[in-house]
Amino acid sequence: MVIISNRPQPHLLRQKIAQEVPGDSLGNEWKGYIFRITGGNEKQGFLMKQGVLLPYRVCLLLDDGHLCYRTHRVEYNVLPKRLGHKRATKIRSFFNLGKEDDVMKYVLRRKVKRAKKEDAKPYTKPAARHLHSLKGRHIKHEKDQKAEFMALLSKRVAEKKAKLAAIKADHKTTT
């Protein structure tokens, strides 16, 4: 089995599966050989394989070692762990620590750059503290909004009472 590179081979276009092709067109090292086309992949990535007796495209699930199997060319970037475990037992099991070891030395924290000063050195800030401060700001904002709404509501209730009192007073004077 010879796998031809991803470069387009114009002499192999319009050929059918199980058709024999002279190897001269592939290069001097293949001169005198005759190849049989056993399958491949088309532009959209669908497999072409002998034995699939359907007139339309089909997704085939293949394992490594099957004919026409092509691995996905995904590059995996190993990123450092941003946040680690929080529970002491989890940290102990992750770093193989004993009960007598200090777990606080192994807590993973993220580095935070100060936005105000460019040349300021980064400091560590636990995610829990950041989330707690966000929650506190949210609660304070809600309290302020509730106080504004209650002031507006009491003002409207007072206006409504004054309007009703004026209507009653006007009604008493006319009768």
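Note: hydrogens, waters and symmetry copies are ignored here, and every other heavy atom, side chains too, is used.
- Around atom CG of L61, no more than 12 heavy atoms belonging to other residues, nucleotides or ligands sit under 6.0 Å away.
- Within a 6.0 Å sphere centred on CZ of F95, heavy atoms belonging to other residues, nucleotides or ligands number more than 12.
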### Query
What's the verdict on side-chain contact (heavy atoms from CB on, under 4.5 Å) for R87 and I91, showing C-alpha distance, side-chain angles and the deciding distance?
CA-CA 6 Å; R87 241 175 231 279; I91 295 171; over 6 Å; no
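- Contact of the E142 side chain with the H138 side chain is registered, since non-hydrogen atoms from C-beta on lie closer than 4.5 Å.
- K99 and R92 make their closest contact through CA-NE, 4.0 Å (heavy atoms, listed as atom of the first residue, atom of the second, distance).
- Atom-to-atom distance recorded for K105:NZ and L97:CG is 10.5 Å, nearest 0.5 angstrom.
- Remark: Q15 pairs with Q19 by the side chain to side chain donor-acceptor pair (under 3.5 Å) rule, at least two apart or across chains.
- Counting heavy atoms from C-beta outward, I34 and V21 have side chains that stay 4.5 Å or more apart.
- Atom-to-atom distance recorded for R137:CZ and H132:NE2 is 11.5 Å, nearest 0.5 angstrom.
- Residues E148 and L152 are not in side-chain contact: their nearest non-hydrogen atoms beyond the backbone lie 4.5 Å or more apart.
- Interatomic distance, CZ of F35 versus CG of D24, reported as 9.5 Å (0.5 Å rounding).
- Residues passing the salt bridge (Lys or Arg N to Asp or Glu O under 4.0 Å) test with K140, sequence neighbours excluded: D144.
- Residue V157 is found outside any hydrophobic cluster, as its side-chain heavy atoms come under 4.5 Å of no other Ile, Leu, Val, Met, Phe, Trp or Tyr.
- Contact of the T38 side chain with the I17 side chain is not registered, since no non-hydrogen atoms from C-beta on lie closer than 4.5 Å.
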